[in-house]
Structures are given as C-alpha cells and as structure tokens.
Amino acid sequence: MIHALKLYPETYVDSIVQLSGTRALFAVDGVDWASAAMATPANVETLRGEGFDDPALTTGGANDLVIAVRAVSHEVADAAREAGEKAIFAAPASSGAVAQQPARTLDEALRRQPATSVAIVSVPGDYAALEAHKALSAGLHVLLFSDNVSVEDEIALKDRARDLGLLVMGPGAGTAMLGQTCLGFANVVHPGRVAVVAAAGTGAQEAAALLDRWGVGVAHVIGLGGRDLSARVGGRMAIAAVRALVADEATDAILLVSKPPDAEVAREVVAAATGKPLVAALIGVQDDVKVPPDVTITRTLEAGAVAAVRLMGGREPDVSDGLAEQVRAAAADLPGRRTLVRGLFSGGTLCYESLVVLADVLGDVYSNTPLRPELGLPAPAQAHTCLDLGEEEYTKGRPHPMIDPQARIEMLREQGADPAVAAIVLDVVLGHGAHPDPAAELARVCAEITAARGPCIMVYVLGTDQDPQGLDRQRDAFRRAGCLVTETAARASLAAAAIARREPALAEKAL
C-alpha cells in the first residue's frame, strides 16, 4: 500500500467540511483508508497509528489541514487527494456571481452580510467559547457545533445569552432549524406550528421528520446540546427557548426531546411553557418527573410525536399496521438457535431509545452507551447488544457513519454471519449533511445477508419526502433487499425483539 499525505498550513476548515472531504477520498476506487482532518495531536496520533510517518506531521497544528490517503497505487492516491481537495475547497455554486474568498474574521463576515442573525461556531474546543462570546457580542444567536467545551464555559455562555435575549444552541449541537433554514445535520420539513426543543441531535431529527410525515409540519428546531437538562447546567437554554416559543406567534405547541433529564430541571423547563401546550418526550424517563396536568410526558420519540399530532388535531398515525404479520413471515424460517438482537446505529439518540425499548421486552441489553454502567462493553456471550457507532471509539480516524457507512458495513457483515443473531436493527439518517445515497451501499450488503438466510434486518429510514436522498427511494431499496422497513425507529427495535422472542404481537405493542 502507498501512504500519501499533504499538509495545508494555516488552512482551518470546520468538521462538516472535513467529513465531506473524507467521504470524497473514500469514494475513489482503490483507497484503503483516508482522512481529511486538522493536524491536532490526537489526529496526528491516529495518522501515525495508520502508518503515516511523513515529516510534515511534526510541524502541523490545530490550524493546519492534513489530507492522508492509503491506496493501492500512487495514481489512486493522487486521484483521491484531488477529489478531497475539490470537495473541501470548491467554491459553492452560485447564480453567476464571482466567488469570494471565505471571510477570515467575524467582523469581515458581518460586513459582507450585515443582516446575519446566527453564527455557527465549529472550531477546536479550546477556542470555541471565545468565538461564541464574540458572536454574542455582535448580537448573534449561536449554534455551537464544537464539542470539548467545558461545563463552566457552557454555563457562562448561556447565562450571557439569556441576559442578551439570545440563544446558544450547544455545545455539541449538530441540528437546528430556525424558520425553514436548516443548520448542521437537518431534514427538510414542511412549515407547521409545532416547535421542537431538543437536547439530542438525531432525537430532534426524528421528532421533526415524524411531525412532517404525519401532516403537522414544524415551525422551528432548537438544539440545546446534550448537557443542558443536567442538574449542573440547569436547563438554562431549554427554559429560554421554551419562553421564546411561548411568545412566538408562529408556534402553537412545543415538543421537548431529551434523554432522562434531572427531575427538578425538567419541572422548571415544562413550567416555562405556561400558556402553550407542551409534550415532553423524555426517552426512558421514570415516574419521578411531576409536571402540570396540561403537560404530556412520554418515554419514546414515537409516543411524543403521536401526542403532538393529537394536540394539533391531526390524524393519529397507525405506526404498526400489519407489522405483526410481517414479523411472523420474517421469523418463520429462522432456526431456533437464532435468538439475539444486534443494533448498529449511526444516531446516538436512536441507539438510546432502542436500548429502552429492547430492555422493556428482552431485559438486559449491552452497549458502549449503556442504560446502566454494569451493562457496558465487553458484553458476555449470548447477550443482546446495541452500538452507537457515532461515538469517538468508532469514529477515531474515520468519518461519522452518517457520512460514510463503511464501518457499519464491516459490522453488518460480521453480525450477519453470526449464527446466534436473530435480528439486526439499522437506522439510516437522511437530510443535509448525511450520505447522498446510503441505500446504495447498505442495501446491497443487506441483500447478501438475506440471500444467505442470515438474520432478519430491521431498517428505519429517518427522513422526509423533501430530503435530497429521497425517502421513498431509500425505503424501497431496503425492501427490495429483503429488509423489514418500519414507520418509526422505536418500531424497528420492537420488531427485532418480537423476532428474537418469536412473538409477533410484540411488534404492535403500545409505547
């Protein structure tokens, strides 16, 4: 194999652009491994671990871009590098206007676009808080995409934003939609009068996509960052967002999405919705959250979206019509030794919801993001497992699985060959920022497994009919591959549990 590396000094690009470049590198035939990333110490260590020993790595830093390719030949490596450069540096398409060089400072960007109201901050964590403070000083709302921001900095930013009447979405907020403008990883939805407030990225996407598909539409999606509803952060931005939406004439109802929050924080957040109905989809929540009688609490995203549709007077969807019979047919020829469930997820919130749903039916399920510490990896033999493949241990040195499905393909083949596995659960996330055609790669592997009489494969496609990948086209590809495609993420996990237990009726269980 050929190892080729090029350093681009003083060339910072954000993580979304890095992922786009990495995807372009991997798309070239003959590439064994590739990365477009900043030359941080952690990334340099990863590159050295992959066999790259170029002297340029000793001079690189957090503001220097590095493109690295391991390929079958110099020609392939050069072609991949050119594809990566094109993806990273190509000027965006325009209506004939002359492309400008990117602004180097916030002040320069605001001079070019004085009507700007939101800043997206995606820089290394050491600099993220400072850049977010600069944006607040300029009177801008902030989508803080960066992670590795301390809790102390998060609290300071959100206190300052609240005092200024502004929003700080994040840190680690990858999804938002203000009005109909998508920010980060987001799905294209029809306008509506329900606003989503979420401390969960794919949870926000799932809630918005379900509301769209079920005819209600979405007014806004406000991401909070995963720590906002913790006891320490105290729901600072959730409370501010809910109050802003109560005052928003375009919003009639609010759907709050989170993993189980601190109970006292949850009470304060839902109390801020006085004057407008609120549904809180708190995934896996126990019974210790006491709320006003006009607030609806659910423990799955599916149930939360159904409750929001009901609030708006919409037609309540039938999320499980005929699913038990599909499960019965899928499980009919499975050998008795196949009893285990495997979840291979790209969305962290969807993985967590699957753990909750499966645990209700199957008992203990092990994970790299477990419901309880004692259910962490490594799992014992003959245990059910769900993996969040977007976590750092799986993305170090390679793209997020929403961007590039290769890591999941490897695991899918491995689990598909395991004679003890009865069902595999896959989530497929569409929308801006995601892979342009995930079914083109994943469905082919699913078809190989089903043709070999392997385990049943449950697929949930998170998306809308307006997403660039085409929701119906993606679903149809997985159906043709022999997969069982469900209406919600929670139903995919219930169907998998029903197959493992050989109890088809479980697939239509109320959530």
Side-chain angles (χ1 to χ4, degrees), residues 283-284 300-302 320 323-324 326-372 374-389 391 394 401 408-428 442 445-446 449-450 452-461 478 482-509 511:
I283 304 169
T300 64
L301 297 165
E302 176 192 296
S320 59
L323 189 55
Q326 293 181 64
V327 164
R328 190 186 315 279
D333 296 327
L334 278 182
R337 67 179 183 276
R338 291 191 177 274
T339 59
L340 301 180
V341 172
R342 297 285 184 259
L344 303 176
F345 287 89
S346 62
T349 312
L350 301 188
C351 181
Y352 191 89
E353 182 184 49
S354 180
L355 289 168
V356 169
V357 170
L358 291 173
D360 285 349
V361 178
L362 300 177
D364 290 345
V365 183
Y366 289 76
S367 177
N368 61 322
T369 56
L371 297 180
R372 304 192 310 273
E374 64 269 25
L375 297 178
L377 301 179
Q382 298 302 302
H384 307 291
T385 59
C386 280
L387 301 180
D388 175 5
L389 299 178
E391 283 290 298
Y394 295 109
R408 279 211 292 181
I409 286 173
E410 295 167 8
M411 290 195 174
L412 182 57
R413 286 196 167 113
E414 177 185 336
Q415 298 304 323
D418 187 334
V421 175
I424 298 173
V425 184
L426 292 179
D427 65 330
V428 179
L442 286 167
V445 182
C446 292
I449 293 170
T450 55
R453 301 176 67 82
C456 302
I457 302 176
M458 314 293 108
V459 174
Y460 171 63
V461 182
F478 285 106
C483 303
L484 196 159
V485 179
T486 61
E487 177 64 16
T488 73
R491 287 294 143 186
S493 295
L494 265 182
I499 285 173
R501 291 273 298 269
R502 308 303 196 272
E503 296 180 30
L506 283 175
E508 298 185 4
K509 175 178 177 284
L511 291 174

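None of these values were measured; they are calculated from a predicted model.
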Chi angles and distances behind the side-chain contact (heavy atoms from CB on, under 4.5 Å) call for V365, L371 = CA-CA 8 Å; V365 183; L371 297 180; over 6 Å; no
request  = Apply the test side-chain contact (heavy atoms from CB on, under 4.5 Å) to residues L334 and R502: give CA-CA distance (whole Å), side-chain angles for both, the deciding distance (0.1 Å), then the verdict.
outcome  = CA-CA 9 Å; L334 278 182; R502 308 303 196 272; 3.6 Å; yes
query = side-chain contact (heavy atoms from CB on, under 4.5 Å) between L426 and C446: does it pass, once the steps are laid out?
reply = CA-CA 10 Å; L426 292 179; C446 292; 3.9 Å; yes
Trace of the side-chain contact (heavy atoms from CB on, under 4.5 Å) decision for L340 with Q382 = CA-CA 7 Å; L340 301 180; Q382 298 302 302; 4.1 Å; yes
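Scanning both residues, G376 and Y366, for their nearest heavy atoms gives O-CD2, 3.5 Å. V341 and A496 get closest at one heavy-atom pair: CG2-O, 3.7 Å. For I499 against C456, the heavy-atom pair with the smallest separation is CD1-CB, 3.7 Å. Shown here for P455 and I424, the closest heavy-atom pair between the two residues is CG-CD1, 3.8 Å. Taking all atoms of both residues into account, the shortest heavy-atom contact from P504 to V327 is CA-CG1, 3.8 Å. Residues R342 and A383 share a closest heavy-atom pair of NH1-O, 2.7 Å.
With hydrogens and angles ignored, the 3.5 Å screen pairs a side-chain donor or acceptor of R338 with a backbone N or O of V421. Counting only distance, with no hydrogens or angles, the side chain of E353 and the backbone of L301 share a donor-acceptor pair below 3.5 Å. Between the side chain of S367 and the backbone N or O of C386 there is at least one donor-acceptor pair closer than 3.5 Å. A donor-acceptor pair under 3.5 Å is formed between the side chain of R501 and the backbone N or O of V361.
Within the 4.5 Å cutoff, the side chain of R491 has heavy atoms near those of the L511 side chain.
Listed by first and then second residue, the salt bridge (charged side-chain N to carboxylate O under 4.0 Å, His left out) pairs involving residues 408-428 are R398-E410, R408-D427, R413-E448 (not counting sequence neighbours).
Looking at L494, L484, L506 one by one, the single match for side chain to side chain contact (heavy atoms under 4.5 Å, CB included) with L323 turns out to be L484. Under the side chain to side chain contact (heavy atoms under 4.5 Å, CB included) rule, L344 has a single partner from L387, L442, V425, I457, which is L387.
Distance check: L358 CG to C351 SG gives 9.5 Å after rounding to the nearest 0.5 Å. Here the straight-line distance linking atom NE2 of H384 with atom OG1 of T339 works out to 6.5 Å at 0.5 Å rounding. N368 contributes atom CG, which lies 11.5 Å from atom CZ of F345 (distance to the nearest 0.5 angstrom).
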